[in-house]
Amino acid sequence: MLTQTASLAETNGSRVSLADTLRKRRQKLFKMINFPVVLWSGVRSSRNFPGNQLPFRASSHFLYFAGIPLENVAIRMEPPGTLELYMDDPSLDDELWHGKKLLREEVAELIGANIAFPMSELWSRAYSSATIPVQDVYLQQQQSSMLHRWLYSASSLSWIDWELAYAIVRLRLCHDAAALAELRKAAACTVQAHRAGMAATRHSRFEAQVRAAMENVIFAQQMNCAYNSIVTVHGEVLHNQQYYNALNPGDLLLADVGAETALGWASDVTRTWPVSGKFSPTQRDIYEVVRSAHDACIAKVAPGVEYKEIHLQAATTLTYGLVQLGILKGDVEELVENDVHAAFFPHGIGHLIGLDVHDMEDLGDLAGYELGRTRSDRFGLKFLRLDRPLQAGMLVSIEPGFYQVPSLLNYPDRRETFQEFVDWDRLAQFSDVRGIRIENDVLVTDSGCEVITGELPTHPDAIEHIVNS
Ligand code: GLY
Ligand code: MN
């Protein structure tokens with residue numbers, strides 16, 4: 001009988017192709033390092049008492065090399081590409097409560113393992129291996145005992161663990177065909193979720209109803225959310241995760257919602273639309289400024305281009321637009337140099353996307369920042385999550401925004417920083433624009449880029465049309 005795990009793998013192609021994909025990933029890994037590696041999938045955590053378990057999400061580094069989301073399993077890989085599986089067969093009690101699961105030997109065949117052992121065998125075979133610690137503290141203690149070193153955080157590694165992480169970064173930065181097939185699936189589902197959210201808005205009274213309409217599409221396709229959805233009329237709260245506000249006709253609704261496939265690959269999309277189905281003139285003005293920044297950034301995405309340059313392009317286009325609208329005063333270049341744009345656009349232009357929505361951020365800035373580079377302490381740059389030249393095969397988000405954040409604009413000492421550059425009376429005329437963001441997932445190709453979430457329109461007329469449908 002085909003269990004869910006096997007059917008998940010088959011959605012990614014044939015059994016042979018999963019094993020094949022994983023073998024190629026191992027071979028590439030062992031061209032960069034020459035020591036064994038152990039990766040754990042992780043364990044479930046629960047809510048308050050053990051029987052009430054939270055949904056399981058396997059460690060992304062494990063998923064990259066094991067392909068399927070198996071619980072409490074480890075793999076050991078050896079140069080030039082051997083794969084060992086460590087897994088206990090499900091107990092009868094497990095089957096009673098949780099249903100049938102694949103047996104160890106079945107999983108071994110599915111993922112192309114050369115040999116399979118019970119979990120307990122790992123204790124005597126894990127020595128001298130590199131690893132990346134999982135998030136679960138209890139499991140971290142086991143990892144530390146097995147490998148005879150203190151492993152507590154994926155973002156502060158040393159010795160062979162750092163070398164492993166660095167090799168994994170180089171592998172996972174650019175996606176292979178199997179990864180891209182999954183990322184496109186997540187993107188397609190996310191596009192449908194956003195269409196459903198727009199169409200549900202005029203029949204909804206609260207943010208929660210629009211969120212439900214969007215997540216309904218994701219769960220109905222047997223996917224999960226790649227992160228906690230943001231669906232809010234207070235888009236100026238950057239990671240707002242409250243859904244209780246009423247929807248009023250003059251509001252803009254900002255929805256940042258993305259699906260994750262059953263095999264763990266993410267997408268990340270934001271759109272902002274008018275609750276009434278029609279942007280007010282002031283909302284449309286600012287929306288168009290954000291859209292022009294979005295378009296200018298995407299026009300620049302290509303191999304070899306520095307991602308920081310794309311961030312600065314967003315800053316320049318937004319600043320130009322705000323000067324044109326009379327909200328900012330002065331020379332565009334000088335305003336950007338003084339980080340005035342960051343008063344309205346305080347985050348980075350985007351990030352890597354892959355098995356995590358901010359891909360490999362468990363490793364701190366090792367993936368996001370080219371070796372030798374560190375975060376700037378400039379207000380307009382310090383939240384930039386990616387600072388390296390783009391390469392074909394990378395998937396990045398492009399997500400410019402405009403926000404009127406009270407804690408940035410209204411506190412006297414902060415306001416003083418921007419005092420002379422902002423026409424505050426003019427800004428007050430845009431009080432119906434609290435937060436706008438437009439975000440797409442952009443694949444760097446050999447000749448430029450492809451917006452894999454581009455089926456979802458950004459043009460305000462097209463957005464209005466869907467909301468009114
Ligand atoms: N989707 C949320 C973020 O990129 O931070
Ligand atoms: Mn994002």
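Numbering starts at 1 and runs along the sequence shown. As a basis for the values below, the full set of heavy atoms in this structure was taken, side chains included, without hydrogen atoms, waters or symmetry mates. As the structure lists them, so they are numbered: ligands from 1, and atoms in each ligand from 1.
Between Arg378 and Asp339 a salt bridge is recorded (basic side-chain N to carboxylate O distance below 4.0 Å).
Protein neighbours of ligand 1 below 4.0 Å, counting non-hydrogen atoms: Tyr227, His239, Asp256, Asp268, His351, His358, Glu399.
Counted by atom type alone, Arg426 and Gln429 present one or more donor-acceptor pairs between their side chains at under 3.5 Å. With 3.5 Å as the limit, one finds no donor-acceptor pair spanning the side chains of His351 and Glu361. For the residue pair Asp356 / Tyr227, no side-chain donor-acceptor distance below 3.5 Å is found, with atom types taken as modelled. Looking only at atom types and distance, the side chain of Asp441 has no donor-acceptor partner in the side chain of Ser267 under 3.5 Å away.
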Show every donor-acceptor pair shorter than 3.5 Å between a side-chain atom in residues 204-211 and any protein atom, with sequence neighbours excluded, or say none if there are none.
{"residue": "Ser204", "atom": "OG", "partner": "Ala200", "partner atom": "O", "Å": "2.7"}
{"residue": "Glu207", "atom": "OE1", "partner": "Tyr244", "partner atom": "N", "Å": "3.3"}
{"residue": "Glu207", "atom": "OE1", "partner": "Asn245", "partner atom": "N", "Å": "3.0"}
{"residue": "Glu207", "atom": "OE1", "partner": "Asn245", "partner atom": "ND2", "Å": "3.4"}
{"residue": "Glu207", "atom": "OE2", "partner": "Thr232", "partner atom": "OG1", "Å": "3.2"}
{"residue": "Glu207", "atom": "OE2", "partner": "Val233", "partner atom": "N", "Å": "2.8"}
{"residue": "Glu207", "atom": "OE2", "partner": "Asn245", "partner atom": "ND2", "Å": "3.1"}
{"residue": "Gln209", "atom": "OE1", "partner": "Arg205", "partner atom": "N", "Å": "2.7"}
{"residue": "Gln209", "atom": "OE1", "partner": "Phe206", "partner atom": "N", "Å": "2.9"}
{"residue": "Arg211", "atom": "NE", "partner": "Glu215", "partner atom": "OE2", "Å": "3.1"}

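When each of Arg271, Arg202, Arg284 is checked for a salt bridge (Lys or Arg N to Asp or Glu O under 4.0 Å) with Glu464, only Arg284 meets the rule.
The Mn ion (ligand 2) has Asp268 OD2, His351 NE2, Glu399 OE2, Glu439 OE2 as protein N, O or S atoms under 2.8 Å away.
With sequence neighbours excluded, no residue satisfies side-chain hydrogen bond (donor to acceptor under 3.5 Å, both in side chains) with Gln140.
Ring pair Tyr166/Trp162 is parallel by interplanar angle, where below 30° counts as parallel and above 60° as perpendicular.
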